Amino acid sequence: MDRYLKHLEDFQNADGTAPDRQLVASEQQRVVDAVNSMQTQASACARDAAKCTFTNFDSGAFTKPVLKPPAPDAPAGPLVTVPMWDTEEIANDGDTVTFATGDVFEPGAESIGLHLNVIRVPAVDRGDPGGIVLSQDPSAGSQVPRGTTVTIRVTIPDS
């Protein structure tokens with residue numbers, strides 16, 4: 001119950017209404033009293049078996065809030081950051097990429113739980129070896145749920 005009081009904004013009553021802090025605190029005290037009573041009775045029983053009486057404790061008798069469902073537009077599952085891939089090969093397999101700020105390992109899509117959709121477009125520059133990432137959606141740096149499909153546009157080699 002203490003968890004409910006500390007994070008009451010994350011909970012609701014079974015009917016969807018907001019929980020009442022005073023009622024939750026009152027129910028918490030009822031639970032504490034019941035546990036204390038059981039502890040006292042168990043101690044008495046341990047000292048003298050003739051004094052083994054126990055109060056019936058029904059946890060279902062206590063009113064407790066339930067966790068609010070996630071918002072309909074909330075992403076499901078843990079979030080991952082979309083890497084900035086330079087080439088299709090790196091998008092597939094991962095590799096160390098050199099930036100002005102230093103070397104950074106960019107993981108492949110599959111290794112971090114993303115799906116890759118590759119769209120091939122003609123190279124603009126002569127001598128383009130192909131496989132160069134022109135754009136990606138969602139963009140690099142975006143936070144997305146695992147299982148998201150990232151579409152990359154890559155060049156086809158200039159022939």
Side-chain angles (χ1 to χ4, degrees), residues 1-32 34-36 38-39 57-159:
M1 290 290 215
D2 194 42
R3 181 179 99 192
Y4 299 124
L5 287 171
K6 287 181 181 175
H7 304 283
L8 205 55
E9 69 280 358
D10 295 333
F11 295 89
Q12 65 185 22
N13 293 321
D15 65 1
T17 60
D20 178 276
R21 181 172 294 283
Q22 191 170 354
L23 178 62
V24 173
S26 173
E27 288 295 279
Q28 178 184 23
Q29 189 57 53
R30 285 184 55 210
V31 170
V32 168
V35 170
N36 288 340
M38 288 186 291
Q39 185 177 18
F57 179 76
D58 178 11
S59 63
F62 297 99
T63 304
K64 58 186 178 292
V66 295
L67 194 60
K68 282 183 183 176
D73 58 347
L79 299 178
V80 295
T81 302
V82 177
M84 186 166 90
W85 297 305
D86 289 345
T87 66
E88 181 180 359
E89 182 180 13
I90 293 173
N92 281 314
D93 303 326
D95 200 358
T96 300
V97 178
T98 301
F99 293 100
T101 55
D103 291 346
V104 176
F105 180 77
E106 295 293 357
E110 188 177 311
S111 71
I112 57 173
L114 299 176
H115 301 289
L116 203 55
N117 177 38
V118 180
I119 299 173
R120 297 183 191 338
V121 297
V124 178
D125 296 330
R126 278 196 141 358
D128 185 328
I132 304 299
V133 175
L134 300 174
S135 66
Q136 55 189 68
D137 182 37
S139 61
S142 299
Q143 293 278 301
V144 298
R146 290 187 194 281
T148 296
T149 297
V150 178
T151 299
I152 59 174
R153 291 179 60 237
V154 300
T155 60
I156 298 170
D158 178 43
S159 33

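Throughout, numbering of the chain's residues begins at 1 and tracks the sequence. Only a predicted model underlies this, so the values are computations on that prediction, with no experimental measurement involved.
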Using residues 147-155 as the side-chain source, report each donor-acceptor pair under 3.5 Å to any protein atom, sequence neighbours left out, with the distance given to one decimal.
residue : atom : partner : partner atom : Å
Thr148  : OG1  : Pro145  : O            : 2.6
Thr151  : OG1  : Asn117  : ND2          : 3.2
Thr155  : OG1  : Asp128  : OD1          : 3.2
Thr155  : OG1  : Asp128  : OD2          : 3.3
Thr155  : OG1  : Gly131  : N            : 3.3
Thr155  : OG1  : Ile132  : N            : 3.2

Non-hydrogen atoms of Phe11 and Pro19 that approach each other most closely: O-CD, 3.4 Å
Taking Asn13 for its side chain and Asp15 for its backbone only, find out whether a donor-acceptor pair lies under 3.5 Å. no
Tabulate below the donor-acceptor pairs under 3.5 Å that side-chain atoms of residues 82-89 make, not counting sequence neighbours, or state none.
residue : atom : partner : partner atom : Å
Trp85   : NE1  : Pro107  : O            : 2.9
Thr87   : OG1  : Ile90   : N            : 3.1
Glu88   : OE1  : Arg120  : NH1          : 3.1
Glu88   : OE2  : Arg120  : NH1          : 3.1
Glu88   : OE2  : Arg120  : NH2          : 3.1

Of all residues at least two apart in sequence or in a different chain, which pass the side chain to side chain donor-acceptor pair (under 3.5 Å) check with Thr81? Gln143
Between Asn92 and Glu110, is there a side-chain heavy-atom distance shorter than 4.5 Å? no
